[in-house]
Amino acid sequence: MDVGSIEGIEVTNVDGVLTIRIVRPDRRNAVTPEQMSHIGRLCAAAERDDDVRVVVLIGTADAFCAGADLSDVDESTLSGQVPPISMSHDLFLPILELSKPLIGAVNGVAAGGGLAFALCCDLRLASDQARFATAFSRIGLTANDAVAWLLPRIVGVAKALELIYLARPIDAHEAERVGLVSYVYPHDEFEERVEAFVDQLRGAPPVAVRFSKRLVLEGMNRSYREHVLAQEYASLANRTIADHDIVEGVEAFKEKRPPRFKGMVVHRTWENY
C-alpha cells in the first residue's frame with residue numbers, strides 16, 4: 001500500500017500489522033486536518049490490502065492525541081465564527097468503515113478529537129498513565145460528532161452524558177471500570193504488552209474476523225430476524241472466500257496445534273460481500 005507520507009505521522013507495516021503512530025510530542029500529538037485526512041487514507045488503503053490483518057493507532061511520548069491542533073488558529077480572522085477545531089465527520093468515516101481489527105493503543109492523554117480517534121477503534125488498550133477527556137464543553141463547544149455517537153454506545157448514555165457535560169478527565173483505571181478500555185498495562189511495559197495482544201489478533205482467521213466485525217457493528221441497528229439472515233449470508237460468503245481457513249481450523253483443533261490461517265489467497269473485491 002502506498003498513499004504517500006506526511007510529517008508527523010509514521011507508518012510501519014510488519015507481518016500483517018499496520019501501525020500508525022502520531023509523532024508530534026511538542027503538541028501532545030494534536031493533529032492538523034491534513035494529518036487526520038492522511039490517517040483516513042491509510043485506513044482506506046489498509047482495507048484494500050489483503051496482507052494487512054490488524055491496524056494499530058498509537059501516539060508517542062506522553063500523549064495518544066490531544067485532539068485538533070489549535071496553534072495556527074487566528075482568532076482575529078474568525079469574524080465571530082466557531083474555530084474549526086471539531087474534526088469533520090467525513091474524516092472519521094474511513095476509520096469507522098475499516099472492516100479489519102483496529103486497536104487503539106492509548107499510551108497517554110486522549111482528549112477531544114483524540115478521544116474520538118480512540119473511540120473509533122474496535123477496542124482500546126491503555127497505559128496506566130493514560131487519561132481520557134471529552135474536553136469540548138470546556139470551551140463552549142458541542143461534543144464532537146464521533147464522540148457524541150460512539151461514547152454512549154461504549155459506556156452507556158448516562159456515563160457518556162456525564163463525561164460530555166463536565167468534561168472531567170478520567171484515568172485509565174476508571175476508563176477500564178466503565179468499559180472504555182479493555183486492558184490497562186504498566187507504562188514501562190505498554191508497547192510490549194500491546195504487541196503481544198496484537199500478535200494474537202494477527203493469528204486469527206482474517207476473513208471470518210472481518211465478517212464478524214461487520215455482523216456485530218451492523219447488528220446494533222438490526223432486528224434479530226434481520227441479524228440472523230445477515231449471519232447466514234456472512235457464513236456462506238466466508239465459506240466462498242476462505243473455506244481453506246475453516247478446514248485448517250478444524251484440522252489444527254484435531255491435531256492440537258495453532259492454526260495457520262491464510263485469509264484471501266486470491267484478491268476479491270470486499271465490497272461485493
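All values below were derived from every heavy atom in this structure, side-chain atoms included, with hydrogens, water molecules and symmetry-related copies excluded.
Taking 4.0 Å as the cut-off between side-chain N and carboxylate O, R21 and E191 count as a salt-bridged pair. With respect to R210 and E47, a salt bridge is recorded, a charged nitrogen being found less than 4.0 Å from a carboxylate O. Salt bridge E251/K254: absent, no basic N to carboxylate O contact under 4.0 Å. A salt bridge does not link R53 to D15: none of the charged nitrogens lies less than 4.0 Å from a carboxylate oxygen. Ion pairing between a basic and an acidic side chain is recognised when a charged N comes within 4.0 Å of a carboxylate O; R24 and E10 show no such pairing. Classification of D171 and R131 as a salt-bridged pair fails, no side-chain N sitting under 4.0 Å from a carboxylate O.
Looking at H244, its side chain does come within 3.5 Å of a backbone N or O of G263 through a donor-acceptor pair. Of the possible donor and acceptor atoms, none in the side chain of R28 sits under 3.5 Å from a partner among the backbone N and O of P25. K100 contributes a side-chain N or O that, together with a main-chain N or O of V52, makes up a donor-acceptor pair within less than 3.5 Å. Side-chain atoms of S137 never come within 3.5 Å of backbone atoms of G140 as a donor-acceptor pair (strictly under, hydrogens ignored). Under the 3.5 Å distance criterion, the side-chain polar atoms of N29 are matched with a main-chain donor or acceptor of A63. Using modelled atom types, no side-chain atom of D69 and backbone atom of T32 make a donor-acceptor pair closer than 3.5 Å. For the pair T240 (side chain) and L236 (backbone), a donor-acceptor distance under 3.5 Å is present. With N107 contributing its side chain and G59 its backbone, the two residues share a donor-acceptor pair below 3.5 Å.
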Can you list the steps and then say if K213 with E218 is a salt bridge (Lys or Arg N to Asp or Glu O under 4.0 Å)?
CA-CA 8 Å; K213 178 175 178 177; E218 295 181 358; over 6 Å; no
Run I164 and T142 through side-chain contact (heavy atoms from CB on, under 4.5 Å) and show every step you take.
CA-CA 9 Å; I164 290 170; T142 57; over 6 Å; no
Carefully, step by step, assess E232 and H227 under the rule side-chain contact (heavy atoms from CB on, under 4.5 Å).
CA-CA 9 Å; E232 291 176 353; H227 173 77; over 6 Å; no
What verdict does the side-chain contact (heavy atoms from CB on, under 4.5 Å) test give for L125 and I103, after you've listed the backbone C-alpha separation in whole Å, the side-chain angles of each residue and the deciding distance to 0.1 Å?
CA-CA 7 Å; L125 309 175; I103 306 304; 3.8 Å; yes
Full working for side-chain contact (heavy atoms from CB on, under 4.5 Å) between D145 and F92:
CA-CA 9 Å; D145 48 13; F92 287 110; 4.1 Å; yes
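The environment of E189 atom CD is dense: over 12 non-hydrogen atoms of other residues, nucleotides or ligands sit within 6.0 angstrom. For R257, the CZ atom is densely surrounded, since the number of other residues' heavy atoms within 6.0 Å is greater than 12. Residue R153 qualifies as enclosed at atom CZ: its count of foreign heavy atoms under 6.0 Å is above 12. Counted within 6.0 Å of CD on E7, heavy atoms from surrounding residues, nucleotides or ligands total 12 or fewer; the atom is thus considered open.
Between F64 and F117, the two ring planes are perpendicular [angle over 60°; tilted spans 30° to 60°].
Linking ILVMFWY residues whenever their side-chain heavy atoms come closer than 4.5 Å, directly or via other members, leaves V209 and V198 in distinct clusters. There is a path of hydrophobic side-chain contacts, each under 4.5 Å, that joins Y183 to V56. Both L98 and V31 sit in one connected hydrophobic cluster of ILVMFWY residues. Membership requires side-chain heavy atoms under 4.5 Å apart, directly or through other members. With hydrophobic clusters built from ILVMFWY side chains whose heavy atoms lie under 4.5 angstrom apart, L201 does not share a cluster with L102. When hydrophobic clusters are built by joining Ile, Leu, Val, Met, Phe, Trp and Tyr residues whose side-chain heavy atoms come closer than 4.5 Å, directly or via intermediates, L57 is not grouped with V17.
A pairwise comparison of heavy atoms in P206 and D245 identifies CD-OD2, 3.9 Å as the closest pair. Annotation for N144 and A116: closest pair OD1-CB, 3.8 Å, computed over non-hydrogen atoms. Nearest heavy atoms, H38 versus G4: CE1-O, 3.3 Å. Between A167 and T134, the closest heavy-atom pair is CA-OG1, 3.5 Å. For the pair V181 and V184, the tightest heavy-atom approach, listed with the atom from each and the gap, is CG2-CG2, 4.0 Å. Residues G40 and P94 share a closest heavy-atom pair of O-CB, 3.3 Å.
In this structure, the side chains of F190 and Q129 stay at 4.5 Å or more apart for every pair of heavy atoms. At a threshold of 4.5 Å between non-hydrogen side-chain atoms, the residues L163 and L151 count as touching. Looking at heavy atoms from C-beta onward, L180 lies in side-chain contact with F132 at the 4.5 angstrom threshold. Residues L123 and F197 meet the side-chain proximity criterion, which asks for heavy atoms closer than 4.5 Å. Here the side chains of E162 and L166 are in contact, with some heavy-atom distance below 4.5 Å. With a 4.5 Å cut-off on side-chain heavy atoms, I22 and I9 count as touching. With a 4.5 Å cut-off on side-chain heavy atoms, V247 and V250 do not count as touching. Side-chain contact between I6 and Q35 is present, with heavy atoms from C-beta onward closer than 4.5 Å.
Between S212 atom OG and N238 atom CG the span is 7.5 Å, to the nearest 0.5 Å. Atom CG of L115 sits about 10.0 Å away from atom SG of C65, to the nearest 0.5 Å. Between the CD atom of E248 and the CZ atom of F261 there is a distance of 6.5 Å, given to the nearest 0.5 Å. To the nearest 0.5 angstrom, L91 atom CG is 10.0 Å from E34 atom CD. From L18, atom CG reaches atom OG1 of T12 across 7.0 Å, with rounding to the nearest 0.5 Å. The CG atom of D50 lies 14.5 Å from the NZ atom of K262; values are rounded to the nearest 0.5 Å.
With T19 as the partner, the side chain to side chain contact (heavy atoms under 4.5 Å, CB included) test is satisfied by one option alone out of V194, I58, V11, N13: I58.
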